[in-house]
There are 2 protein chains.
Amino acid sequence: MKKKILTGDRPTGKLHLGHYIGSLQNRVRLQHEFEQYVMIADVQALTDNFEDPTKITENVFEVAKDYLSVGIDPEITTILIQSQIPEIAELTVYYLNLVTLGRLERNPTVKTEIQQKGYDDSIPAGFFCYPVSQAADITIFQAEVVPVGDDQVPMIEQTNEIVRKFNRIYNSECLRECKVVLSKSSRLVGIDGKAKASKSLGNAIFLSDSADEVKRKIFQMYTDPAHIKVSDPGRVEGNVVFTYLDAFHPNADEVKNLKAHYERGGLGDTAIKNILNDVLQEFLLPIREKRLEYTKNQIINILEQGTLKARKTAVLTMEQVREAIGVKYF
Amino acid sequence: MKKKILTGDRPTGKLHLGHYIGSLQNRVRLQHEFEQYVMIADVQALTDNFEDPTKITENVFEVAKDYLSVGIDPEITTILIQSQIPEIAELTVYYLNLVTLGRLERNPTVKTEIQQKGYDDSIPAGFFCYPVSQAADITIFQAEVVPVGDDQVPMIEQTNEIVRKFNRIYNSECLRECKVVLSKSSRLVGIDGKAKASKSLGNAIFLSDSADEVKRKIFQMYTDPAHIKVSDPGRVEGNVVFTYLDAFHPNADEVKNLKAHYERGGLGDTAIKNILNDVLQEFLLPIREKRLEYTKNQIINILEQGTLKARKTAVLTMEQVREAIGVKYF
């Protein structure tokens, strides 16, 4: 029997090339090796977007469409919507007893995020507690493997701590610890070269961008500001065009030659941008075409079926959890 | 249409005379004036008893039996078990977003309890967040009236804050604020005269105590240590026997006469304890008899029916809540 793997995204916006490199391409591969669950984490996204719920709920379908367009196959991958599985909330409430405030305060991921968001004294309790909710996400589906970036490793440690404490206190084996698979691919930088590609920074190329938008963004890309004349030698390091060529050009040797040419001078920015444009258009074309294959109704249907299937597992886990605690009376 | 009233107890032990004076007698009366919901709050009790779940789960039936024995009528009062209504957990998770950590830290009730329990850095997150869960309890049943002691008033304020914030952010009217009805009756002191009657202090007379146990406890009661000979004048203030006579003797004039007699001397402790014993045995006899009327199966059935009925309301409220937030996709 294949092991279960759980991944997912907060539906805060459409997915972009950074998501493809960081996780989507892995999922397309992993769905053949594992029993894959992909969760659209709307409840988690609401913990820091609760005042703007439409942003989240509208993006649930966009994200699902992005999944399908890159080749996540609903026949073998279970795509589910977190909010439609209330058993996760139920499990979260029991897990909250097993984690102290002090432990949550020391969670490095949450600590960093709280600083980034400038919450000060006004940290929403839901946001503060989201690692507990995440532990419920993972364990309710009995996921054994969770692919994460290295910044998310403390989350998995927190999950396994809860699992061990639960099983010990309630003398149970109904929950299982999970293993981290570190995502090898590094994050993709944004077109401005300043930070990783992200919707909020407006420096990302979306999987759903039109051909014109893609071209426009490529021609905005940060290259080497000292590379003024075509004949000048140019820098490859920190040059976003080459970062993207490294990530998306199918022929590594050709990229190597281009880099050498650029460094010795004689290769203009327009030329390399045109090359990248060809590469990305070719990469995005089938994604764009696949996106058109699905009607809204079909996507709703896929989400409903996936959620239904996932919920069956969640219901079974919660039955065992309730039995272990003893909150079963009828 | 009658207004809805919600009350309840944490099932941490059998109920005693203190519960009768503090809440049960009110409920027996209020069930005719209101549509009364009485919740056995096992999930809340677990927030500070999660390591000893059997203590909670076993007492669910004891508490239900206590309710029925004092005359809470399952035909007109809905008795429900909190854990069996998972919609409460679901609502709690959404409410957690609407409350900041700072606000929870400032909750006077929780502050006091944290000090009493000596939690220091090891406050379970579930315990810390229980006011949010309590807001979910109240609002999911659309309760309009909540009878509480004055120490619980901050909980109701917290609930109404959440309601107003939810309705404002999600532009909704699906939740309603609730009103406090302060319980007039003061708390009953324990037989040791030191603190209020409580199971954990071992100074309470339980509704389910046998006639012998009741008598034994009455003869242990703290009276006036300076009242040595029958002929000595005795103190009525702080004398537990008189506190209980005040609470349970059907004839206030007779108690007044007894007090006067005791104060001028000539009335012995044994005499007043025998009088109290007669009063309490007469009070407890019908309760003890009613307790025997119910089989375990009948009680389970009453709890199941009550929970089922309550859950219907909870499901309806959660549908409106999900719609207001927008987490409704199929």
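Owing to the predicted nature of the structure, the values given are computational and were not obtained by experimental measurement. To find a chain, count down the sequence lines: A is the first, B the second, and so on, and within it residues start at 1.
- Counting only heavy atoms from C-beta outward, the side chains of B/E87 and B/V315 approach each other to under 4.5 Å.
- Ranking B/L46, B/V132, B/D52, B/T92 against chain A, the residue ahead of the rest is B/L46, based on heavy-atom pairs under 4.5 Å.
- In A/K309, the NZ atom is crowded: over 12 heavy atoms of neighbouring residues, nucleotides or ligands sit closer than 6.0 Å.
- With 3.5 Å as the limit, one finds no donor-acceptor pair spanning the side chains of B/R27 and B/T77.
- Contact of A/L303 with chain B is made through backbone and side chain together, with heavy-atom distances under 4.5 Å.
- If you tally non-hydrogen atom pairs under 4.5 Å between each of B/R103, B/Q82, B/E58, B/E90 and chain A, the highest count goes to B/E90.
- Within the cation-pi definition used here (under 6.0 Å to the ring centroid, within 45° of the axis), A/K296 qualifies as a partner of A/F61.
- Aromatic rings of B/F127 and B/Y119 (six-membered ring for Trp) have centroids within the 6.0 Å cut-off, being under it.
- Only the side chain of A/L104 comes within less than 4.5 Å of a heavy atom of chain B; its backbone N, CA, C and O stay farther away.
- The residue among B/G102, B/C129, B/S133 with the most heavy atom pairs within less than 4.5 Å of chain A is B/G102.
- For a residue to count as touching a neighbouring chain, one of its non-hydrogen atoms must lie under 4.5 Å from one of that chain's; by this rule A/I81 touches chain B with the side chain only.
- Of the listed residues (B/N97, B/T100, B/V99), the one with the most heavy-atom contacts under 4.5 Å to chain A is B/N97.
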TODO: Give the intermediate values and the outcome of side chain to side chain contact (heavy atoms under 4.5 Å, CB included) for residues B/T139 and B/T317.
DONE: CA-CA 8 Å; B/T139 52; B/T317 305; 6.0 Å; no
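- By the neighbour-count criterion of 12 heavy atoms within 6.0 Å, atom CD of A/E173 is sparsely surrounded, having that number or fewer from other residues, nucleotides or ligands.
- Using a 4.5 Å heavy-atom cutoff, the side chains of B/F141 and B/T78 are not in contact.
- Proximity to chain B is limited to the side chain of A/Y170, based on heavy atoms less than 4.5 angstrom apart.
- With a 4.5 angstrom heavy-atom cutoff, B/Q84 touches chain A only via side-chain atoms.
- Heavy-atom pairs under 4.5 Å with chain B were tallied for A/D48, A/I300, A/L96; the largest tally goes to A/L96.
- Side-chain contact between A/T112 and A/D151: absent, with no pair of heavy atoms (C-beta onward) separated by less than 4.5 Å.
- Residues from residues 155-168 of chain B that place a non-hydrogen atom less than 4.5 Å from a non-hydrogen atom of chain A comprise B/K165, given in numerical order.
- For B/K117, the NZ atom is densely surrounded, since the number of other residues' heavy atoms within 6.0 Å is greater than 12.
- Of residues 322-330 of chain B, those residues with a non-hydrogen atom less than 4.5 Å from any non-hydrogen atom of chain A are, in numerical order, B/I325, B/G326, B/V327, B/K328, B/Y329, B/F330.
- Proximity to chain A (any heavy atom under 4.5 Å) is restricted, for B/T307, to the side chain, taken from C-beta onward.
- When heavy atoms are compared at a cutoff of 4.5 Å, A/I123 approaches chain B by way of both its backbone and its side chain.
- Interface remark: of the candidates A/V43, A/T47, A/L91, A/V93, A/T47 forms the most heavy-atom pairs closer than 4.5 Å to chain B.
- Residues B/A310 and B/I85 come closest through the heavy atom pair CB-CD1, 3.8 Å.
- Looking at B/Y130, there are no atoms closer than 4.5 Å to chain A (heavy atoms on both sides), in backbone or side chain.
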